[in-house]
*Asks:* 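This structure is in structure tokens; I'll ask about it shortly.
Whatever order the structure lists ligands and atoms in, that order sets their numbers, starting from 1.
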Amino acid sequence: MDRSLATLLRSLQTSEYTEDALRLLPTATNLLSRLSNPLNLTLLTSHLLSHDALYLQPIEITHSRQIFSVFYTALLRLIEDKQDPARELLRSHLSVEEWVKAVVKGADERSPRWRHTLLLGGLLLAFQSRQFEELRPNLRNKLEAALVTATNLALREKDVEVNCELAVIFVINHTFPILSDVHRSQVQYDLLLPLLVDATYFSKEGLEQGYWLGAIDNDIRQSSPQKFNWSSTSTTFKRLTEIKKRSLITALGSLSRLTAHCVDNVHDRMLIVHCTNRIADFARTLATSWRQNKLSEIDAKEEALYLDQDTVSTTLPTLLQLLRDTMFATVIILRSVLGRLICDPILGADNTAPGLAMQTLHILRDTYFIAHRFGLVSSSQYTFVNFTAIDILTRYQPQSENFLESIRPVELGRIPAHPLDRMRDLFFLNAAEHFTLTVSPQMSQELLFNAAAPYVDPRGDPRLGEIFEAAHSVMLAILAAPRNAEVATKNVPFYVETLLRSFPMPLNARQFRFAINSVVRLAAPPSPIAASMPLMQAIILDLLRERMEQASEDLLPSNPDLPLEREQRLSEKAILLLAIIDCLSSLPVQLLEEWLPLTAELLHKVKNPSQKQQCQHRLWAALSDGEMDVDRAVTCVAWWTSRGGREHVLLGEQPEEQDYMMSGALRFDNKL
Ligand SMILES: *[C@@H]1O[C@H](CO)[C@@H](O)[C@H](O)[C@H]1NC(C)=O
Ligand SMILES: *[C@@H]1O[C@H](CO)[C@@H](O)[C@H](O)[C@H]1NC(C)=O
Ligand SMILES: *[C@@H]1O[C@H](CO)[C@@H](O)[C@H](O)[C@H]1NC(C)=O
């Protein structure tokens, strides 16, 4: 036997401690790449795979990666030696193929299956990275098949060594992208999926359940009367940086794609339910831990005010980045879950679909503090997950009601002080808006209406802008649901009054016009609101007119939501008139006939020429751009052409009551 091989094997055998054994790996790598006797190659490999001191338990990815690298590097070096004439004397005499066969033979019954994956994966990846041309497809096929078999067996046998599945995950993650489709399809996803989810979210090499998020609280110190400090030298920050460097965490993206692929392919659908529940467990713990962390008490907009420099620029951003990556990974997995849910009749059946949709929404809610901060809610994958889950759940009334009950605001009827609770209210309201057609009128009133009510308060804090808008949407959705006739009738007067008091602050012009227009439309006959309150539309218009008479013509502050070029700054007075004009198309003909001249009259009460012109344009558009249905359009044309409307609008001349100018041409001519 080769002298140096004998020495190495002896050292290996006498090394009882992992540190000692691992120190021999560079020598082993070197020897492997140079040996020419197949038997020696097999022998060395077999030793490397079976020597327990190299595999300290519980198994860690870092150590496994070192073994993986031995085979990976040895093969690369062999290939390089073959290409370099200067190494003629040193290099192995075996062909690459003979060498591979001899090494693979060392993966024998003396070592457990999971360690074989390290060898096979290392070789495959080395071939891939050298784009080695001479490898016969046959051999590559064999390697891939052997890797898949070893992986499946390792997953099935659940080798006794603690956490060895982490090493298998490490290998499969690295090699999966290079496996052929045939071999990929042979991986037993049913075994892999639960392991992947556990490894990512719960294992000591993964996100460890997220408890560390709460522990950070211990290191947050008051550094001045107003400011808090989470130092970059604190234990919890060091822990966080350690977690971020873990190989499963740096690869969250590729890991989640692999998990998603498993979800797409598992046979046993219940595994998908199980894994979604596991992720929901994780998300719940993460949310609880975040609440235990003082940082959650600070509104994102006010961080610079309450946190010192170190925290704002170093520690907090590092934390947020990890949370964001976690969120991304979760959405990628959920996208596959919901994708399967809508295509798979078994999963989509009544006994699984609503539960799965509900769990998904719980996950989105528990991680909303992350998604909202990073604007992930508008990414297409997030939207798909969210929208599909809501769409499915709303088909089931009892489950929908259950869900809304389970996420009800902590202090119904009050705006909570904790930013996290307000964030949850925002989530609640955004979701609730889509359930008004599903849940009972009683729930609409008692839960949804009461949850929205504190946020539509006109004296509200303008910083709550987003929740404020969501609350108005819920109100309108409640009023619009056909089942809610009674609830709507009861609440319309309150709501209209609120709207009028909320403009121009906190409601901006766009929100105000939209809301008024919606209510007037809902109050149009033959709606239930019209049946019980036939005068509602007229009352609202009268209220607007009264307001307009006293309103100021000063320009309102510009709306930060809009891009500057689209911004048309208007006065309160002009906006009230525009709101009236918006409503014309939902008035019954009789009321419309009454309001056309009234609108023309109001137009001339706007003194500022440019504002007046904008209102004229809007009126013209309302009359002529197809907003009206046929009956109303005929009424408008008649008014415009033969009842003095044109003169009234353009010149401010009031027609005499009887003085109808019979004109033959029933058509508008735009002279505005
Ligand atoms: C925050 O903590 C770090 C580390 O303890 C310290 O160096 C720094 O001065 C602290 N900042 C303030 C403003 O107290
Ligand atoms: C997973 O594989 C990708 C390449 O496919 C790699 O970039 C990533 O580091 C791997 N992750 C782990 C945990 O090994
Ligand atoms: C989910 O989608 C609905 C409907 O598009 C939307 O109103 C809601 O804001 C979304 N929720 C989240 C958390 O983004």
*Asks:* After noting the C-alpha distance and the side-chain angles of Gln397 and Ser440, does the key distance pass the side-chain contact (heavy atoms from CB on, under 4.5 Å) rule?
*Replies:* CA-CA 8 Å; Gln397 180 176 351; Ser440 71; 3.9 Å; yes
*Asks:* Going through the checks in order, is the ring pair (Phe, Tyr, Trp, His ring centres under 6.0 Å) test met by His261 and Tyr189?
*Replies:* CA-CA 9 Å; His261 188 78; Tyr189 296 112; 5.3 Å; yes
*Asks:* Can a side-chain donor-acceptor contact be found between Trp212 and Ser289 if the only test is distance below 3.5 angstrom?
*Replies:* no
*Asks:* With heavy atoms of Asn430 as the reference, note each atom of ligand 3 found under 4.0 Å away.
*Replies:*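 Reading through ligand 3 atom by atom, the close ones are 7 (O), 8 (C), 9 (O).
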*Asks:* Under 4.0 Å from any heavy atom of Val377, which atoms of ligand 3 are there?
*Replies:*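 This gives 14 (O) as the contact atoms.
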*Asks:* Are the aromatic ring centres of Tyr455 and Phe468 under 6.0 angstrom apart?
*Replies:* no
*Asks:* Say whether His434, considering both its backbone and side-chain N or O atoms, lies within less than 3.5 Å of an N or O atom on ligand 3.
*Replies:* yes
*Asks:* Is it the side chain, the backbone, both or neither of Asn386 that has a heavy atom closer than 4.0 Å to ligand 3?
*Replies:* side chain
*Asks:* Which atoms from ligand 3 have a heavy atom of Phe427 less than 4.0 Å away?
*Replies:* 13 (C)
*Asks:* Show the atoms of ligand 3 that are less than 4.0 angstrom away from any heavy atom in Tyr368.
*Replies:* 13 (C)
*Asks:* Could you check whether His472 and Tyr495, counting side-chain N and O atoms only, form a donor-acceptor pair closer than 3.5 Å?
*Replies:* yes
